[in-house]
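Notes follow the structure.
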Protein chains: 2
Amino acid sequence: MARVRISDVAAAAGVSVTTVSLVLNDVESRISQETRDRVRAAAAAVGYAPSALARGLRQQRTKTVGLISDQIATTPFAGRMLAGAQDVARANEHLVFLVDTGSDAAVEDAAIRALTAQQVDALIYAAMWHRIVPADVKLPADTVLLDCRPADGVTGFPSVVPDDRAGGAAATRELVEAGHTRIAYIDTDEDPGRPIAADLRLEGYREVLAASGIVVDDELHVHGETSHRGGRGAAERLLDLPSERRPTAIFCFNDRMATGAYTAIHARGLRIPEDISIIGYDDQQFIAAEQDPPLTTVALPHYEMGRWAMEVALGIREGGEDAVHQMECPVVRRDSVGPPPAHVAKPNRRRTSQHTERSLSATPDR
Amino acid sequence: MARVRISDVAAAAGVSVTTVSLVLNDVESRISQETRDRVRAAAAAVGYAPSALARGLRQQRTKTVGLISDQIATTPFAGRMLAGAQDVARANEHLVFLVDTGSDAAVEDAAIRALTAQQVDALIYAAMWHRIVPADVKLPADTVLLDCRPADGVTGFPSVVPDDRAGGAAATRELVEAGHTRIAYIDTDEDPGRPIAADLRLEGYREVLAASGIVVDDELHVHGETSHRGGRGAAERLLDLPSERRPTAIFCFNDRMATGAYTAIHARGLRIPEDISIIGYDDQQFIAAEQDPPLTTVALPHYEMGRWAMEVALGIREGGEDAVHQMECPVVRRDSVGPPPAHVAKPNRRRTSQHTERSLSATPDR
DNA sequence: ATGAAAGCGCTAACAC
DNA sequence: GTGTTAGCGCTTTCAT
């Protein structure tokens, strides 16, 4: 594929290869302008394209980075992380090797070896769901972790993950500020392998409830399989509650489950958000915005995370050897959150103090 | 990154580098078993990992392939194509460079240059929607085209695309065989840049209608923006038709538009499929299967297309220099297609011939 | 202001 | 059965 060599250019221009190299790489200005022009012209004339291989071998820097991910095919999020990483790679003239391992440890191992053999300048290890990297994955030093964090005790890897606790809090706050006090959480029931995001979001939910003087009612914390169906089933159980205990708002672990809640709610002839408010998580493409009504949700900052990881990998940004970088998950406001129906009382609010007032004085945002 | 060299292994094993190379690459068996073992042990002991760079430079084969795509982030289909391509690359010990160009010609150009500089063994040019590659894209010879086809007159590029005409026909046939005769097509209205798939699917639709002796009624061919909203609007117009002219089944350009049709239908208190049948296209992940009822649709064979392209790129499979390889789009049966309501007459069927009988005798499939 | 030559790490032709 | 060596295409030190 790469036929014409630097020596061909040198011959054509009547100079040495050194000169050609110097000119083409804009190194030192000691070469006369006239020579420079001649070299450039010659290079263009013979159609010269340098061999990145030879250069890499010589310099021991390849301007390539390896990106290992567990699943690219099966998740709708992969793309945005890749796009972020790609964009900074391109801006810095790096090429990226993408390897999808399907979470297979043997494949992962082979991939790391192959990438090392390619002498990639940096390695990014990406997960498609916020999770912990098993301690037995043999990562080269200075690998950066994307959407995953090192196992306890493993150190030396910069990593970036979404701030799911803050996201859960933001979602809940959105509902509290709209005036709700009976706020349910539809959680995933995945058991071996419960996503770390699930606990974090739950934590955020409880925190805000507590801080708002709302008693955390376990009856309003339900579980379902992480899907439309699971969300629907869980929502049905919530709707089956006697009306004084029924929630006026539901925070769903993710958008897919939220669509299930939509189905359950509509099946009973209830309206969103007039009768019940819904907030999701993920801001999943083609899903959240296309519900009826469009779903208010919390966005995962995948693009930004991808950028961050690549910037750290390329040394453009300081990763901080050990701290896990948490990235904000912003609320995306659409039309599924409104004030609670007028007729509902607000019973399970504690009679306490300023908390209550603060949260009551907050205004809904449209 | 790659520190220890083959000469280190040679020294450790007390042999020459030739021997080491021969042993480690399983070349010739003239080396004594004893030496082989010694070399292997030495390699492991010093932690040797060959430099793919040096090998590539020497052999002028890198075992890498470049995959250029227009958009990876913004489409839910990218993943499956990548997965297919990846899987065969891995099985053949090749690594893939992924470059996303965002359809920017300058970026595309730079990407091709960069990949050529890397001396990739093959190049795949992938589009995320079935389309034609502009003739001015400067592709190296032997590039394989994935989900796109060469412009007229451009030759020498193997290419693979979904058989959208056959897919449109299959969708329509599914409806005809369920007993429908008033079958609408909700088409995309994209105008500059109308997807080539749209025309192909429409063709298939008309073909099957004609072959079944059903008159093609232009009133039943409506358009909308390619989204939930567009599908909803188009479906509403269809439902506004006086009842004798209203369709009993709708074929939608894609699943997203189909979900809009769902919304329109449900909003009128109609049921799917009892009152009206729906078939989509794409089998879009997290969408088609999660509708209520689950959407019958036509699947795009992205994974297989990805495999095909990589197989051709690696020379494992004959691409056929010029013929565009069309890949079948199978119908995925779920629950949105049923027989037409009993009370509807079947008026716009021609009184002709065997066609009619053939299509009437066909049985719905559940 | 320019050129000669070493060397990045490997494979393979050739010699012994 | 094993070793020597040229050379893949480039960058870079050192001379001139």
Side-chain angles (χ1 to χ4, degrees), chain A residues 1-40 42-43 46-64 93 113-114 116-121, chain B residues 1-40 42-43 46-64 93 113-114 116-121:
Chain A
M1 230 147 171
R3 289 272 65 112
V4 3
R5 304 181 309 289
I6 197 173
S7 58
D8 298 326
V9 179
V15 297
S16 73
V17 295
T18 307
T19 303
V20 176
S21 175
L22 259 24
V23 170
L24 263 24
N25 292 304
D26 289 318
V27 133
E28 312 211 11
S29 43
R30 63 183 191 187
I31 310 284
S32 74
Q33 188 57 48
E34 194 234 337
T35 311
R36 308 174 85 77
D37 294 344
R38 197 144 39 86
V39 169
R40 289 235 152 73
V46 300
Y48 174 64
S51 159
L53 244 45
R55 177 184 296 167
L57 181 58
R58 174 63 234 239
Q59 304 188 134
Q60 295 299 93
R61 281 194 70 238
T62 54
K63 294 207 169 203
T64 61
E93 304 180 281
R113 242 196 311 279
T116 306
Q118 289 291 338
Q119 298 178 245
V120 293
D121 294 339
Chain B
M1 232 151 172
R3 288 272 65 110
V4 3
R5 306 182 305 291
I6 197 173
S7 58
D8 298 326
V9 179
V15 297
S16 74
V17 294
T18 308
T19 304
V20 176
S21 175
L22 260 25
V23 170
L24 263 25
N25 294 304
D26 288 318
V27 131
E28 314 211 14
S29 43
R30 63 183 191 187
I31 310 283
S32 73
Q33 188 56 49
E34 194 233 337
T35 311
R36 307 174 86 78
D37 293 345
R38 197 144 40 87
V39 168
R40 289 234 152 76
V46 300
Y48 174 64
S51 160
L53 244 43
R55 177 185 298 169
L57 181 57
R58 174 65 232 244
Q59 305 190 135
Q60 295 301 93
R61 282 194 69 238
T62 53
K63 295 209 170 200
T64 62
E93 303 180 282
R113 241 196 313 280
T116 306
Q118 289 291 336
Q119 298 178 245
V120 292
D121 294 338

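Throughout, protein chains are lettered first and strands after them, A, B, ... in sequence-line order, and every chain is numbered starting at 1. Side chains included, hydrogens not; waters and symmetry mates left out as well; all remaining heavy atoms used.
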**Prompt:** Taking the nucleotide of DNA chain D with the closest heavy atom to each, which residue, B:Gly14 or B:Ala54, is nearer the 5' end?
**Reply:** B:Gly14

**Item:** Separation of atom CZ in B:Arg61 from atom C1' in C:dT11, rounded to whole Å
**Value:** 13 Å

**Request:** Quick one: label A:Ser21 by what it contacts on the DNA or RNA (base, sugar-phosphate, nothing), any heavy atom closer than 4.0 Å.
**Result:** base

**Asked** Which one, D:dG3, C:dG3, D:dT5, comes nearest to the side chain of A:Ser16?
**Response** C:dG3

**Message:** Can you see if the side chain of A:Ser7 gets near the phosphate of D:dG9 - specifically, an N or O under 4.0 Å from OP1 or OP2?
**Reply:** no

**Asked** Rounded to whole angstrom units, what separation is found between the CD1 atom of A:Ile6 and the C1' atom of C:dG3?
**Response** 13 Å

**Prompt:** Do any side-chain nitrogens or oxygens of A:Thr35 fall under 4.0 Å of OP1 or OP2 in C:dT2?
**Reply:** yes

**Asked** For the side chain of A:Arg58, counting heavy atoms from C-beta on, which of C:dA5, C:dG7, C:dC10 is nearest?
**Response** C:dG7

**Message:** Output the rounded distance in Å from CG (B:Leu24) to C1' (C:dG9).
**Reply:** 13 Å

**Request:** For residues B:Ala43 and B:Leu24, report the shortest heavy-atom separation together with the two atoms involved.
**Result:** CB-CD2, 4.3 Å

**Prompt:** So, the side chain of B:Arg36 versus the backbone of B:Val23: is there a donor-acceptor pair under 3.5 Å, distance only?
**Reply:** no

**Request:** Could you state the atom-to-atom distance from CD of A:Gln60 to C1' of D:dG9 in whole Å?
**Result:** 14 Å

**Request:** Give one of base, sugar-phosphate or nothing for B:Thr18, where a contact means two heavy atoms less than 4.0 Å apart.
**Result:** base

**Message:** Given 3.5 Å as the limit, does a donor-acceptor pair link the side chain of B:Asp8 with the main chain of B:Arg5, or not?
**Reply:** yes

**Complete:** Between CG of B:Leu22 and P of D:dT4 the distance, given in whole Å, is 14 Å

**Message:** I'd like to know if the side chain of A:Ser51 pairs up with that of B:Gln119 as donor and acceptor (distance under 3.5 Å, no hydrogens or angles considered).
**Reply:** yes

**Message:** If you compare every side-chain N and O of B:Ser51 against the phosphate oxygens of C:dG9 (OP1, OP2), does one of them come in below 4.0 Å?
**Reply:** no

**Item:** Residue B:Thr19, side-chain heavy atoms: nucleotide from D:dC10, D:dT5, D:dT2 that is nearest
**Value:** D:dT2

**Message:** Nearest whole Å is fine: how far is D:dT12 P from A:Arg55 CZ?
**Reply:** 9 Å

**Asked** Once you round it to whole Å, what is the distance between C1' of C:dC8 and CG of A:Leu53?
**Response** 12 Å

**Item:** Interatomic distance, B:Leu57 atom CG to A:Arg58 atom CZ [nearest 0.5 angstrom]
**Value:** 13.0 Å

**Request:** Looking only at side-chain atoms of A:Tyr48, point me to the closest of D:dC10, C:dC10, D:dT2.
**Result:** D:dC10

Mind listing the N/O atom pairs, protein and nucleotides 14-16 of chain D, below 3.5 Å?
none

**Message:** Starting the side chain at C-beta, find the nucleotide from C:dT11, C:dG9, D:dT11 nearest to A:Asn25.
**Reply:** D:dT11

**Prompt:** Quick one: A:Gln33 CD to C:dT2 P, roughly how many Å, whole number?
**Reply:** 11 Å

**Message:** Tell me whether the side-chain N/O atoms of B:Gln59 come closer than 4.0 Å to OP1 or OP2 in C:dC10.
**Reply:** no

**Request:** Run through A:Val39, A:Val15, A:Val17, A:Val27 and flag the one making a side-chain contact (heavy atoms from CB on, under 4.5 Å) with A:Leu22.
**Result:** A:Val27

**Prompt:** Does a donor on one side chain sit under 3.5 Å from an acceptor on the other, for B:Ser21 and B:Thr18?
**Reply:** no

**Request:** Go through the steps for A:Arg55 and A:Asn25 under the test side chain to side chain contact (heavy atoms under 4.5 Å, CB included), then give the verdict.
**Result:** CA-CA 11 Å; A:Arg55 177 184 296 167; A:Asn25 292 304; 3.6 Å; yes

